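Computed from a prediction, not measured in an experiment: that's the story for all the values here.
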Amino acid sequence: MNGTVYLVGAGPGDPELLTLRALKLLKHADAVICDRLVGADILGFINPRAQFHDVGKMSGNCQHQQDDINHLLLELAQSHRRVVRLKGGDPFIFGRGGEELLFLAQHGIPVEVVPGITAASGCAAAVGIPLTHRGVAASVRFITGHLQENAGLTLDWRSLADPTCTLVFYMAVANAPAIVEALIRHGRAPDTPAALIHAGTMAGQDHAVAPLWQISALIDAFKPPTLLVIGDVVQLYARRDAADTRPDMPAQAGAPSRPPLPCSPEFA
Ligand code: SAH
């Protein structure tokens, strides 16, 4: 009798952003396979008797590494009742959750997907950037800045020049200069505000804001996990109330350690 695999989103980092379903599954898991982006605070919720596998070092874009993870999931599902595959953010947003779901389905393993707060939502909320805003941004696009096997970025650049669309690039640290250059070349205004957000909702959260044409110059100070957000909505973050957004809550481990940096003068 096969067990069930739960593809669980752990959210962007702050353990308080875990769903109740995710928390319940972690506490009752018989086996857990975990990714690099899941923080220690969240790992602390895992049933101490569960068999634990950290595949963080294995994860990446190599297909053979993903094949190893798929086969580990299958083996565990054949020997355990509740197998939790824990992933940063949401399993279906740049998380390879779809590949694991298809593989397991082909082998007759029941799968349940538990959504998580994706980095775009978590980071934008943590910094105070609304991803859409009436009269400013009518849509938002989540885009990978890193393609399989480091293939060139073949995106529909002209559609990304639409000034009413907020762009959120995941995994963009290495390719940020190429992304910025292509966007400007295809018509996105060079003075469009942009933000780099590192470790959003985590203890080491940091961010910087600059016009698009200048953002590449700041990238060296940012290591993964970092998101690149581009669009006129970025300038709105300066207008929010500077007061604590959760005044009723005590300070949490894993919450941002300091308030956002003041924004650059040109966006004040
Ligand atoms: N499934 C995840 C994304 C995995 S891809 C999700 O839904 O969020 C990994 C990329 O996500 C990182 O390179 C980074 O661009 C982004 N990311 C994930 N967590 C982040 C965080 N806390 N802060 C900033 N970027 C993050």
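The line from CG of Asp162 to CG of Leu167 is 8.5 Å long, rounded to the nearest 0.5 Å. Atom-to-atom distance recorded for Ile219:CD1 and Ile179:CD1 is 8.5 Å, nearest 0.5 angstrom. For the atom pair CG of Asn70 and CD of Glu75, the computed distance is 11.5 Å after rounding to the nearest 0.5 Å. Taking CD1 from Ile184 and OG from Ser216, the interatomic distance works out to 7.5 Å, rounded to the nearest 0.5 Å. Atom CD1 of Ile215 sits about 12.0 Å away from atom CG of Leu183, to the nearest 0.5 Å. In this structure, Ile33 CD1 and Leu7 CG are separated by 10.0 Å, a value rounded to the nearest 0.5 Å.
Two residues are said to be in side-chain contact when any heavy atoms from C-beta on lie closer than 4.5 Å; Leu212 and Pro193 fail this criterion. Asp232 is listed as a side-chain neighbour of Thr192, based on a closest heavy-atom distance under 4.5 Å. The shortest side-chain heavy-atom distance between Cys165 and Val140 does not fall under the 4.5 Å cut-off. Side-chain contact between Val168 and Arg141 is absent, with no heavy-atom pair separated by less than 4.5 Å. The closest side-chain heavy-atom distance from Ile143 to Leu155 is below 4.5 Å. Arg21 is listed as a side-chain neighbour of Glu112, based on a closest heavy-atom distance under 4.5 Å. A 4.5 Å side-chain heavy-atom check between Pro115 and Thr19 finds every atom pair outside the cut-off. For the pair Phe103 and Ile109, the minimum side-chain heavy-atom distance is 4.5 Å or more.
Using a 4.5 Å cut-off between side-chain heavy atoms of Ile, Leu, Val, Met, Phe, Trp and Tyr, with links allowed through other members, Val38 and Tyr170 fall into different hydrophobic clusters. Cluster annotation: Phe45 and Phe52 are assigned to the same hydrophobic cluster (Ile/Leu/Val/Met/Phe/Trp/Tyr, side-chain heavy-atom contacts under 4.5 Å, transitive). Residue Val209 is grouped with residue Val229 when hydrophobic side chains (ILVMFWY) are merged at heavy-atom distances under 4.5 angstrom, including chains of intermediate members. Note: the hydrophobic cluster containing Val55 also contains Leu104 (ILVMFWY, side chain heavy atoms under 4.5 Å, direct or indirect links). Under the 4.5 Å side-chain heavy-atom criterion for Ile, Leu, Val, Met, Phe, Trp and Tyr, Ile46 and Leu23 are members of the same hydrophobic cluster.
When all heavy atoms of Ala29 and Ala50 are compared, the closest pair comes out as O-CB, 3.4 Å. Heavy-atom minimum distance, Val173 versus Lys223: CG2-C, 4.3 Å. The nearest pair of heavy atoms linking Asp191 to Pro211 is CA-CB, 4.0 Å. In terms of heavy atoms, His80 sits closest to Asp30 at CD2-O, 3.6 Å. Here the shortest heavy-atom pairing between Leu86 and Ile42 reads CD2-CG2, 4.2 Å. The minimum heavy-atom distance linking Ile197 with Gly200 is given by the pair CG2-CA, 4.2 Å.
Taking the six-membered ring for Trp and thresholds of 30 and 60 degrees, Phe169 and Trp157 have nearly parallel ring planes, at less than 30 degrees apart.
Distance alone, capped at 3.5 Å, is enough to place a donor-acceptor pair between the Arg188 side chain and the Leu160 backbone. Judged purely by atom type and a 3.5 angstrom limit, Gln214 has no side-chain atom pairing as donor or acceptor with the backbone of Ala210. Under a 3.5 Å cut-off, the side chain of Asp90 and the backbone N or O of Thr118 do not form any donor-acceptor pair. A donor-acceptor pair under 3.5 Å is formed between the side chain of Thr201 and the backbone N or O of Asp14. Listed for the Lys87 side chain is a donor-acceptor partner under 3.5 Å among the backbone atoms of Gly95. At least one donor-acceptor pair under 3.5 Å links the side chain of Thr166 to the backbone N or O of Leu131.
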Side chain to side chain contact (heavy atoms under 4.5 Å, CB included) between Gln205 and Val127: does it pass, once the steps are laid out? CA-CA 9 Å; Gln205 178 178 310; Val127 174; 4.1 Å; yes
Checking salt bridge (charged side-chain N to carboxylate O under 4.0 Å, His left out) for the pair Asp35/Arg85: CA distance, chi angles, key distance, verdict? CA-CA 8 Å; Asp35 262 355; Arg85 172 71 171 115; 3.2 Å; yes
Between Tyr6 and Val113, does the side chain to side chain contact (heavy atoms under 4.5 Å, CB included) criterion hold? Intermediate values first, please. CA-CA 6 Å; Tyr6 299 88; Val113 181; over 6 Å; no
Verdict with reasoning, Thr226 to His198, per side chain to side chain contact (heavy atoms under 4.5 Å, CB included): CA-CA 4 Å; Thr226 291; His198 169 71; 3.4 Å; yes
Show your reasoning for whether side chain to side chain contact (heavy atoms under 4.5 Å, CB included) applies to His53 and Leu76. CA-CA 10 Å; His53 296 262; Leu76 290 173; 3.8 Å; yes
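Taking the charged nitrogens against the carboxylate oxygens, Glu181 and Arg185 do have a contact shorter than 4.0 Å, which makes a salt bridge.
Here the two rings, on His207 and Phe222, have centers that are 6.0 Å apart or farther.
Within 6.0 Å of NE2 in His186 there are more than 12 heavy atoms belonging to other residues, nucleotides or ligands.
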